[in-house]
Amino acid sequence: MAETKNIMIVGVGGQGTLLTSRILGGIILTAGYDVKLSEVHGMAQRGGSVVTFVRYGEEVAEPIVEEGQADVLIAFERLEALRYAHFLKPDGALVVNDQRIDPITVVTGAADYPENIIAQLEKTYKVYSVDAAAEALKLGNSRVFNNVVLGVAARHMDFSKEDWLEVIANTVPPKTVDINQKAFLAGFEQ
Amino acid sequence: MSEKKIMLGNEAIARGAYEAGVKVSAAYPGTPSTEISENLVKYPEIYCEWSPNEKVAMEVAIGASISGVRAMASMKHVGFNVAADPMYTASYIGANGGLVAVVADDPGMYSSQNEQDTRQICRAAQVPVLEPSDSQEAKDFMKLAFELSERFDTPMVLRTTTRLAHSQGVVTLEDRVVPEDKAYERNIAKNVMMPANAIKRHVFVEQRLKDMAEAANTLDINKMIIKDTKIGFITSGIPYTYVKEVCPDASVLKLGMVHPLPKKLIEEFASKVDTLYIFEELEPVIEEQVRAWGIPCIGKEAFTVQGEYSANMIRKVVLKEDLQLNTPAEVPARPPLLCPGCPHRSVYTVLNKLKFHAAGDIGCYTLGAVAPLSVVDTTICMGASISSLHGMEMAKGKDYIKNWVAVIGDSTFMHTGVNSLMNMVYNQGTGTVIILDNSTTGMTGHQDHAATGKTLMGKTVPAINIYHLCKSMGIEHVIEINAFDIKELEKVIKEETARDEVSVIITKSPCALLKEVHFPNKCVPVPEKCKKCGMCLKPGCPALTKNEDGTISIDATMCNGCGLCKNLCPFDAIEEVAK
């Protein structure tokens, strides 16, 4: 792989984006690449907009993904997809969890939640949307929605199904391995 | 051992300390430094503690160093202000066992009240500074810091930034090597800083800095890489990675030690390149020194003193590239907010109803400044709520603060708030202090402190009782109350602020994110009873949303059943049902 691959995970603090970045980091290291991840901790985790950058390749210099550089943008929420879409490369893949979480500015009436976000994004970007909570609920636990989203995103990366499943098994709590793997496959084999 | 692992910058710092044979670590939590201690405690060989504040932590480390072992303290940049007092004099005392302070700056202020540059304090305190640029270097530099500390008889600072602290990279692990403890010998000329001794030690400190500046010319971590000589960068830390990303063929002087600076090396590098850029985040610390030496360079006139740097910044400013980026969509902001079930929301709802002002402090509860709660009027630094309220009273008289309170968390109260409260009592203030006691250090992710009854190393210990602590100061009216009992809380706040003496109200309700917090029920709307008055929406709980028709929905996955909205509803249009 000549070029460094740039992945972004965006969402709302508390949605569990850090778990997804841990799984990603794990699979990249298994494949023997150099990797850097950058996360947001602290105040923004309290329901704010959060971003994780993941970069991997032969040798990675900077730890962040910059505007116009992302190969894959994984958005756990629609509004966050819209907020960060301009980070994508022209041919980048935008994976969106079709969920709406109102920011406080919308709750208090200071702003409106934008309509038709997915349609709006599709005009400019290659969009792959998934109702991950519904998929996860079919498996019996809506909390594993992250891995459904990751499964969709994994179709735009070059790691094998077996490697993903193994890294998930090594990363999530032992009791939840089975349902997390199923959630991943629900997205991956969609 | 040559195992490779992905490590957070802070985790790598902890690993470096472990491999360097550190025996004592003390810290007060603060983003982005907290995970250093949380990772250190995983090594049972190291004694680790949460101290009540950074000054105490620094002094614990200094004491351990004097006794002859390798010791460290870690803190965020503003914590270094608190620790500055011992650090300035530790610079004179030097180190017996290696002594390192890890200080984390926050360019861009992801989780801080200011954007100060730690290197400025280090320059003033004449303490050398190392600055790593990735996780591997974080580990390696930590080890080197201990060696340099012992070799030059100096405390060292390892400076990080949020981006380094919270980025992960591949690290090669090595074994722990514990140097033999240094002998302790009574030496008052070195360890007792009274004037006659300090005068002599100051001479030593000046010479030490010169010696280190000389050594910096040949230090391995100050790397001169000569390639294309049209452009040269002097840089360090995370900004170095941006240079490497965009200009892999440019000449670079990468400084691992950013204070004191290597004059000969910088002069040599400058003489080899046509245009010299100084690429450093925050203050022009390197640039000012380079200019003072009469070396022409481009620095802050091209790059900002504010926020984080980026590779795109170099593409635009240095390479003059037209990046043709897509315009960001205009979208509603999503600021952080108090969690569903947060006890602070309940207290602020009452204060908001009473139209009170609050002198605020540092913690999650700073979020009470913004709409819809809009209660907190001031936020300065740790402990300042109580003392600044006292200052207002001394300026304008006791009637002026009758509709004011100070709000401060339990951990912040133990940090420095306790001093401010002593002052209010001693100088006969009449303020009302609300201690928002959620039994933890919340914002940084649940660290224990002296009033929680548990140590960093997991030991159960007697908790300092905040009620009795306040009582012992001679405060007659100290009231403990459940934060969610809004009727009683309103009554108590009215009563206590009416008094012409100091009162303390301790709202005792644990952080909603603590594992042991379980409300048995959850709240559900009863639409047929709803009069669409909007009372339940006033506290701004993120679990509640207003429907098109004016009724409300409650997100069952977010609601933790605190009952605040139910208790606010005048029409019983919200009920609690079993989870």
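Proteins come first, then strands; the chains are lettered A, B, ... in the order of their sequence lines, and each starts at number 1. Predicted, not measured: the structure shown is a model, and the values here were computed from it.
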Quiz item: Among P335(B), P332(B), P336(B), which residue meets the side chain to side chain contact (heavy atoms under 4.5 Å, CB included) test with I104(A)?
Solution: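 The residue from P335(B), P332(B), P336(B) that satisfies side chain to side chain contact (heavy atoms under 4.5 Å, CB included) with I104(A) turns out to be P335(B).
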Let's test your reading of the structure: which of [options] forms the most heavy-atom pairs below 4.5 Å with chain A?
options                            : answer
A333(B), G540(B), A329(B)          : A333(B)
T162(B), L513(B), V170(B)          : V170(B)
C541(B), C339(B), S310(B), P372(B) : S310(B)

For the atom pair [atom1] ([X]) and [atom2] ([Y]), what is the distance rounded to the nearest 0.5 Å?
X       : Y       : atom1 : atom2 : value
N326(B) : L88(A)  : CG    : CG    : 8.5 Å
T327(B) : E67(A)  : OG1   : CD    : 10.0 Å
Q69(A)  : L323(B) : CD    : CG    : 8.0 Å

Exercise. Could you walk me through whether R334(B) and V12(A) pass the side-chain contact (heavy atoms from CB on, under 4.5 Å) test, one step at a time?
Key: CA-CA 8 Å; R334(B) 190 187 297 276; V12(A) 179; 3.4 Å; yes
Practice problem: Take atom NZ of K579(B) as the centre, draw a 6.0 Å sphere, and report whether it contains more than 12 heavy atoms from other residues, nucleotides or ligands. | Solution: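 More than 12 within 6.0 Å, yes.
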Answer with side chain, backbone, both or neither: which region of [X] has an atom nearer than 4.5 Å to a non-hydrogen atom of chain A?
X       : result
T545(B) : side chain
P328(B) : both
K244(B) : both
I238(B) : side chain
I6(B)   : both

Quiz item: Hey, which of R22(A), Q120(A), E66(A), K36(A) has the most heavy atom pairs under 4.5 Å with chain B?
Solution: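 Of the candidates given, the most pairs with chain B belong to E66(A).
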Quiz prompt | Among D102(A), I64(A), T124(A), residue most engaged with chain B (heavy-atom pairs, under 4.5 Å) | solution =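 Top count of heavy-atom pairs under 4.5 Å with chain B: I64(A).
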Exercise. Please say which of H166(B), Q168(B), R163(B) ends up in a side chain to side chain donor-acceptor pair (under 3.5 Å) with S38(A).
Key: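 Passing option: R163(B).
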Practice problem: Check each atom of V106(A) against the heavy atoms of chain B and say whether the ones under 4.5 Å are side chain, backbone, both or neither. | Solution: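 Side chain only.
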Exercise. Counting only heavy atoms closer than 4.5 Å, note whether Y84(A) contacts chain B via side chain, backbone, both or neither.
Key: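 Interface part for Y84(A): neither.
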Quiz item: Is there side-chain contact between E39(A) and L8(B), with at least one heavy-atom pair below 4.5 Å?
Solution: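 In contact.
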